[in-house]
Amino acid sequence: MINIQKKSFCVLTVLVFLFTLQAAAQRTVISGAITNSKDRTPIPYVTVLFKGSKVMARTDIDGKYEISTTEPYTQLQVEYVGFKTRFFPVVAGQSQVLNIKLQEESQNLNEVKISSNKKAPYKNKGNPAVELIRKVIEHKAMNRLESANEVQYQQYDWMQFSLSNLSEKFKNKKLFRKYQFLFDQQDSSEIGGKNILPIYLRERFSQNYYRKNPEKKKVIMLADKHVNFDNGLVDNNAIGNYFERMYADVNIYDNNIIFTNSQFLSPIADGAPTFYKFFITDTIKTSKPNLIELSFVPRNKNALLFEGKIYITMDGKYAVQNALLKTAKDVNINFVRAMEVKLNFEQDSLGKFHLSKSHLLVDFGLGNDGGRGFKGERTVVIKDYKTNVVQPDAIYKGESLVVVPEAESRSDQFWANNRLDTLAKEKIKIYHNMDSLGQMKSFKRLMDVASILFIGYKKYGKTEVGPIYSFYSFNSLEGFRLRFGGRTTTDFSKRFYFDTYAAYGFKDEKMKGYLSAAYAFNNKSIYTFPQSFIRASFQRDVDIPGDGAKNIIPEDNFVASFKRGESNQFLYSDYYRVNYMQEYSNHFSFNLGFKKWSQTPAGSLIFANYVDNKAILTDQVTSSELSLDLRYAPYEKFYQGKTFRERIIEKYPVFNLNYSRGVKGLFGGQYNYHNIMGSIDKRFYFSQFGRSDVRVEGGYIAGKVPFPLLDIHRANQSYSYQIYAYNLMNFMEFVSDHYVSLNIDHNFNGLILNRIPLIKKLKLREYITFKGLYGGLRKENDPNHDASLLQFPVNNEGVKTTYSLGKLPYIEGSIGIGNIFKVVRLDLVRRFNYLDNPGISKYGLRAKVQFEF
């Protein structure tokens, strides 16, 4: 009996072994990669299944997949939201490699139709698509990153900027014969056209942390690699920051998404049903969880809105799994011909969907879609996403962004291990190409021309000559004025900097000039953030009375030479200055300084007071003051060159506090006083209702001083509209020793004009401004109450032209039309009070050149 059992067991074992071999021999194994046929980028999380079965798999972050079965299926089905479903024949029982290209669905969202004999009007009420989007809005809080107590993840992103839509004729021009190695070819149907010329690439790799309570974000930048430009036009890190602002992180759960200076309303914003039309266009049951495809289009095609699709999970959480956002064709945004955002979300271990990959593509240009322009791309890949892993408090201490010392010197092997996007690996040649380009003489000449056009300086060896816009100007005192100046660059020294100019007026026949010397403690350009330098300077020149630092346009600017009304009261000023400037990485800075200022009246201006009813002329007013300027600008970014920098206006406030102490007897100073001034600048975004730039400012002078040392309020007598000046106020018209002011400049972004037929094609924008100034003079500083003070100036008829503010504030406002020819703003300015002052106008038309997206 035992022998029979043994034999039976052996036979059974052999049969099982043979069956296993046969099954293994008949197993179907399919592997490969799935990419977008349009741009060859890998597509993560694509659903792959054998047709007619429940055997399925999904591609990984690199678009790779593997699926197997022992059943004799002969067709592979590939599905992904936003792409056409495809079927591929396979051979059962064999291992095969099948690389697949998926084609995007070419659905024109502006032409979504409802089947009916009579087209029904679109309504929110009773619309299942609107009910669905309201469910998504209702569940936003639980699906945001901030819903978890703690989150950590690694992030890799690459960003590229290229010349685009280049024709073969343009590519083969004589100018580019030496640059053929730079050009890339792509599918002609792709954004940017067939020929593109990459000019910038940046890659970064970081570890990111978020804590909900107390709320804190921390980014540790582990690696940063970018194209290097060896010229004075741009700073390598700063240009990367500028491009990053153009291709900002896209969080669809935010109510508004900001690109450059424009704020787009998210399709799942709280008020989205008011501005969008929604349509349920598909259901996807092969995905887990099941999805609903929700298409949307803007109600107003010119408004800052998207069109596209989002895919909503039908698991009761109403999370976004994937999204495709595009700008409408007629959207009122300058220089952007097309913009496309793709967002992919991945489910974590707790079942919550988090962003795993985003790709932003922008086509910039002046002309039509086929014309030359610029192409910008940014891809963000997130991996190792973990929630509720408690980190020690030490992680969150210090600055929110920390760059490790070795970030910009990582090895090629480090980058090979941490490039999480396969397409980026094909772009490595850009670094070598740009290095080669930078060494070419013809490219250096091109950058010299760009430097002259954009910053006004021409480089000669280790120095720069300029600015060219100040070489020639004129005014009633100097007549025809010539000026010539220059400065040293970092090629001369990274420690010592010199800046100078000489000027001559052919009418007053006087020489003017400026000379400064600076020493940088951090061995960087004195213009580079964070600044740390000491500077000493001497300047002798012509001023319009008032604090020279408040002049909006330098008076030797050619454009500022054209003025309205009388402008014949001037000062010859001698300045001796010493300043110590120190900035910190948290964007707090202080400037400790000393200034001796001697003012001599010129033109029709005289300094006179009365002693025993006798007029006494004074040749000069001299003040010596110590000062401390404090500034805090959180999250501030710059467009920066090696010898200049310009602040990029964003939503974050800028705080300024300035204190000056006049000391009598110090280096000839004649007055004791205290002067304190503070200001706050802030940009407010109001979604579809535009944005406002607001400045609140106030000042107080303690002590008895003559009118040239009072706060002489900013006036503008040129025909150029100035945001932070009073455009219908005359020079020296109002002075104060205490004041507060409010300045509001609101841009409606075409909110009204976008709704007017024909007019909306011009993509104009409406502006409205308000400027209010309230202040006054104490009796001790008012010449009308104290004859021993220097008297206010008078005009040719002997009428006083300088005043203190009374019980009413000075009020000025304007309405304007902007984006005329994309660069011109025209304002009709109205002055509301103090209309009896001599030489004033109630209305004025002012123009301004401003570039906006």
Using a 6.0 Å distance limit plus a 45 degree cone around the ring axis, check whether Arg483 lies over the aromatic ring of Tyr504. no
Within 45° cone of Tyr472 ring axis and under 6.0 Å: Arg481 NZ or CZ: no
Does the side chain of [X] reach to within under 4.5 Å of the side chain of [Y], using non-hydrogen atoms?
{"X": "Phe590", "Y": "Glu583", "result": "no"}
{"X": "Ile811", "Y": "Tyr726", "result": "no"}
{"X": "Val694", "Y": "Leu742", "result": "yes"}
{"X": "Phe832", "Y": "Glu812", "result": "no"}
{"X": "Leu710", "Y": "Asn781", "result": "yes"}

Please enumerate all residues that pass side chain to side chain contact (heavy atoms under 4.5 Å, CB included) together with Pro601, with sequence neighbours excluded. Leu605, Phe607
Tell me, please, which residues at least two apart from Ser736 pass side chain to side chain contact (heavy atoms under 4.5 Å, CB included). His713, Tyr739, Leu805
Can a donor-acceptor pair be found between the side chains of [X] and [Y] at a distance below 3.5 Å?
{"X": "Gln620", "Y": "Thr600", "result": "yes"}
{"X": "Asn784", "Y": "Lys779", "result": "no"}
{"X": "Thr769", "Y": "Ser814", "result": "yes"}
{"X": "Ser788", "Y": "Asn609", "result": "no"}
{"X": "Gln722", "Y": "Ser720", "result": "yes"}
{"X": "Thr488", "Y": "Thr463", "result": "no"}
{"X": "Gln539", "Y": "Tyr501", "result": "yes"}
{"X": "Trp597", "Y": "Ser573", "result": "yes"}

Shortest non-hydrogen contact between [X] and [Y], atoms and distance:
{"X": "Gly486", "Y": "Asp499", "result": "O-OD1, 3.1 Å"}
{"X": "His738", "Y": "Leu777", "result": "CE1-N, 3.8 Å"}
{"X": "Met732", "Y": "Pro545", "result": "SD-CB, 3.1 Å"}
{"X": "Lys848", "Y": "Ile723", "result": "CE-CG1, 4.1 Å"}
{"X": "Leu709", "Y": "Ile701", "result": "O-CD1, 3.6 Å"}
{"X": "Lys771", "Y": "Ala725", "result": "NZ-O, 2.6 Å"}

Would you give the length of the straight line joining atom [atom1] of [X] to atom [atom2] of [Y], rounded to the nearest 0.5 angstrom?
{"X": "Lys462", "Y": "Thr490", "atom1": "NZ", "atom2": "OG1", "answer": "11.0 Å"}
{"X": "Tyr610", "Y": "Gln791", "atom1": "OH", "atom2": "CD", "answer": "6.0 Å"}
{"X": "Asn579", "Y": "Leu592", "atom1": "CG", "atom2": "CG", "answer": "8.5 Å"}
{"X": "Arg714", "Y": "Asn727", "atom1": "CZ", "atom2": "CG", "answer": "12.5 Å"}
{"X": "Gln531", "Y": "Gln582", "atom1": "CD", "atom2": "CD", "answer": "9.5 Å"}
{"X": "Thr801", "Y": "Asn730", "atom1": "OG1", "atom2": "CG", "answer": "8.0 Å"}

Would you say the ring centers of [X] and [Y] fall short of 6.0 Å from each other?
{"X": "Phe570", "Y": "Tyr572", "answer": "no"}
{"X": "Phe770", "Y": "His746", "answer": "no"}
{"X": "Tyr497", "Y": "Phe492", "answer": "no"}

Per side chain to side chain contact (heavy atoms under 4.5 Å, CB included), Phe707 is matched among Leu790, Val621, Leu789 by Leu790
Contacts of type ring pair (Phe, Tyr, Trp, His ring centres under 6.0 Å), residue [X], not counting sequence neighbours:
{"X": "Tyr652", "value": "Tyr635"}
{"X": "Tyr834", "value": "Phe734"}
{"X": "Tyr673", "value": "none"}
{"X": "Phe667", "value": "Phe594"}

Looking at [Y] and [X], is any side-chain nitrogen of the basic one under 4.0 Å from a carboxylate oxygen of the acidic one?
{"X": "Asp693", "Y": "Lys682", "result": "no"}
{"X": "Arg825", "Y": "Asp827", "result": "yes"}
{"X": "Glu464", "Y": "Lys459", "result": "no"}

Around [X], counting heavy atoms of other residues, nucleotides and ligands shown, do more than 12 lie under 6.0 Å from its [atom1]?
{"X": "Lys494", "atom1": "NZ", "answer": "no"}
{"X": "Tyr580", "atom1": "OH", "answer": "yes"}
{"X": "Asp619", "atom1": "CG", "answer": "no"}
{"X": "Arg540", "atom1": "CZ", "answer": "no"}

Show every donor-acceptor pair shorter than 3.5 Å between a side-chain atom in residues 654-666 and any protein atom, with sequence neighbours excluded, or say none if there are none.
unit_1	atom_1	unit_2	atom_2	d
Asn658	ND2	Asp629	OD1	3.1
Tyr659	OH	His674	ND1	2.6

Would you check if the side chain of [X] reaches a backbone N or O of [Y] as a donor-acceptor pair within less than 3.5 Å?
{"X": "Lys596", "Y": "Thr622", "value": "no"}
{"X": "Asn716", "Y": "Met729", "value": "no"}
{"X": "Gln569", "Y": "Pro793", "value": "no"}
{"X": "Gln717", "Y": "Phe731", "value": "yes"}

Would you give me the side-chain donor-acceptor pairs under 3.5 Å for residues 512-522, sequence neighbours excluded?
unit_1	atom_1	unit_2	atom_2	d
Lys512	NZ	Glu478	OE2	2.8
Lys512	NZ	Asp508	OD1	3.1
Lys512	NZ	Asp508	OD2	2.8
Lys512	NZ	Lys510	O	3.0
Tyr514	OH	Ser516	OG	3.4
Asn522	OD1	Lys524	N	3.3
Asn522	ND2	Pro530	O	2.9

Sequence-distant partners of Glu733, salt bridge (Lys or Arg N to Asp or Glu O under 4.0 Å), two or more places apart: Arg831
All salt bridge (Lys or Arg N to Asp or Glu O under 4.0 Å) counterparts of Arg778, not counting sequence neighbours: Asp737, Glu780
Pairwise ring-ring contact (aromatic ring centres under 6.0 Å, His included) hits with a residue in residues 771-806, at least two apart: none
Sorted by chain and number, sequence neighbours left out, side chain to side chain donor-acceptor pair (under 3.5 Å) with Arg631 holds for Glu636
